[in-house]
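Remarks on the structure that follows.
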Amino acid sequence: AAARLVPQAEPFDPATFVLRSVAVAAVVAALLLRYLYDQHQQRERELAASRARFEALQARIRPHFLFNSMNTIAQLTRADPALAEEVVQDLSDLFRATLADAERMTSLATELDLTRSYLRIEGQRLGARLRVVWDLEDLPDDARVPMLVLQPLVENAVYHGIEPAPEGGLLTIAGRYRRGKVNLSVRNTLPPPGSESHRVGNRMAVENVRSRLAVRYGDAASLNVGRVDGEYQVRISLPHPFAEGES
C-alpha cells in the first residue's frame, strides 16, 4: 500500500507569533476604542439634548406669569412699597436661576428657597385661592440637586391645577430623606369639570426634569407621575450623597 503522507507541522517562529499576537491585540484595541468612542458620542448627544431642553425651559417663562407678576408689583408699589420690593426680589431670584448655566448644580435648600420665592409671587396674585402645605422632614439641606428640579413642577401644579379652579385649590409639597434617597413630591387638587381646566400643555417641564435626572444620575434617580385620591402628583427621587460616575 502506498505510504500515507503526514503533513509536517510548521516550525515555531517566535517572530511570527509575536506579530500575530500584536495584530490581534491591535484589532481588539481598535474595537474597544471604537466602542468607547461611540459611548462617548452617545453621552454627548444625550447631554446636548438635555441642555437644549433645559435652555428651552429657561426661555419658556410663561408670558402670563411675567405679566401678572409685573402687574402685581405695580399694584403693590402704590399700596405697600415694602412688599412690592420683596416681590421684585423674589422675581429677580427666579430670573437669576433661569439664566444660570444649564449644567449648574445647587443645594436642596437653595432650590426649596427658589420654590418659596415663586409661591410668594403667586400668593400675592391668587390670595386665598392658593393654599400651600409644606411637609418637609429630615431633608439634607446640603444635598446637591440640578438647578430648577422642583420649581418647574410646582409652577405646573399652580398653572394646571390651582389657577383654573374658581375656588382655587391645595398644593402640597412633601419631602423625606430615606435610605440614601431624597424623595420630593408635588401634589395638587384638580379643577372641577367644566372649568378652565384644559391647559394640557406639552408636559415639557416634567419631561425636562425627568431627562435631566436620567443624564445626571442614571437609574439611581426617578420621576413618577400619577393620581392619588383624585389629585395629581409628581414624585422625584434622587440619591444623596452621589459621586459622578456612580450611575
Side-chain angles (χ1 to χ4, degrees), residues 36 38-60 94 97-119 133-161 171-188 201-228 231-247:
L36 293 176
D38 288 342
Q39 290 296 306
H40 173 73
Q41 291 295 98
Q42 178 64 24
R43 176 77 171 180
E44 288 298 310
R45 285 192 292 270
E46 291 174 354
L47 287 172
S50 178
R51 187 179 299 111
R53 284 190 291 270
F54 180 69
E55 290 171 350
L57 181 64
Q58 289 178 313
R60 182 202 51 90
L94 281 172
T98 59
L99 295 174
D101 181 1
E103 299 303 316
R104 180 180 171 186
M105 299 288 283
T106 189
S107 69
L108 177 59
T110 300
E111 181 67 15
L112 290 171
D113 285 343
L114 186 68
T115 302
R116 292 186 180 96
S117 294
Y118 165 76
L119 287 173
V133 172
W134 290 89
D135 180 18
L136 308 179
E137 184 178 301
D138 301 327
L139 288 176
D141 288 341
D142 62 340
R144 306 301 293 173
V145 301
M147 177 73 78
L148 293 177
V149 73
L150 179 64
Q151 185 274 331
L153 302 180
V154 172
E155 184 176 349
N156 256 19
V158 172
Y159 182 74
H160 292 284
L171 172 66
T172 303
I173 303 169
R176 297 289 187 275
Y177 181 59
R178 298 288 186 271
R179 296 184 293 277
K181 294 276 190 177
V182 172
N183 302 288
L184 302 170
S185 70
V186 178
R187 180 170 168 176
N188 61 271
N202 56 8
R203 299 174 58 87
M204 182 178 180
V206 171
E207 293 307 319
N208 176 274
V209 173
R210 177 182 280 120
S211 66
R212 288 194 294 127
L213 289 177
V215 169
R216 176 68 62 175
Y217 302 104
D219 294 337
S222 63
L223 184 151
N224 296 291
V225 176
R227 297 286 184 94
V228 178
E231 298 181 357
Y232 185 81
Q233 178 175 266
V234 180
R235 294 185 297 111
I236 61 177
S237 176
L238 51 90
H240 171 71
F242 179 80
E244 292 292 340
E246 284 186 6
S247 61

- prompt: Heavy atoms, side chains only, cut-off 4.5 Å: are Ile236 and Leu153 in contact?
  reply: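 Heavy-atom side-chain distance check passes, below 4.5 Å.
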- prompt: Taking side chain as C-beta onward, heavy atoms only, is Pro146 less than 4.5 Å from Tyr217?
  reply: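 Yes. Closest side-chain heavy atoms under 4.5 Å.
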Holding to side chain to side chain contact (heavy atoms under 4.5 Å, CB included), I want the full list of residues that pass it with [X], two or more places apart in sequence or in another chain.
| X | answer |
| --- | --- |
| Asp142 | Pro140, His240 |
| Thr106 | Thr110, Glu111, Val145, Met147 |
| Gln233 | Ser185, Arg187, Val228, Arg235 |
| Arg116 | Leu112, Asp113, Arg120, Trp134, Leu136 |

- prompt: Mind checking what makes side-chain hydrogen bond (donor to acceptor under 3.5 Å, both in side chains) contact with Arg144, not counting sequence neighbours?
  reply: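 side-chain hydrogen bond (donor to acceptor under 3.5 Å, both in side chains) check on Arg144 returns nothing, list empty.
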Roughly how far, to the nearest 0.5 Å, is [atom2] of [Y] from [atom1] of [X]?
| X | Y | atom1 | atom2 | result |
| --- | --- | --- | --- | --- |
| Lys181 | Ser222 | NZ | OG | 6.5 Å |
| Glu155 | Leu150 | CD | CG | 11.5 Å |
| Gln151 | Ile173 | CD | CD1 | 10.0 Å |
| Thr115 | Leu184 | OG1 | CG | 9.0 Å |
| Asn224 | Arg210 | CG | CZ | 7.0 Å |
| Asn208 | Leu223 | CG | CG | 10.5 Å |

Among Val186, Asn156, Asn188, the one residue meeting side-chain contact (heavy atoms from CB on, under 4.5 Å) with Tyr232: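 In the set Val186, Asn156, Asn188, the residue that makes a side-chain contact (heavy atoms from CB on, under 4.5 Å) with Tyr232 is Asn188.
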message: Please enumerate all residues that pass salt bridge (charged side-chain N to carboxylate O under 4.0 Å, His left out) together with Asp141, with sequence neighbours excluded.
response: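 Counting only residues at least two positions away or on another chain, Asp141 forms no salt bridge (charged side-chain N to carboxylate O under 4.0 Å, His left out).
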task: List the atom of Ala221, the atom of Pro239, and the distance in Å for their closest heavy-atom pair.
output: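 Ala221 and Pro239 have their closest heavy atoms at CB-CD, 4.2 Å.
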query: Does any N or O in the side chain of Arg216 come within less than 3.5 Å of the main-chain N or O of Met105, such that one atom is a donor and the other an acceptor?
result: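 Not a single qualifying donor-acceptor pair exists.
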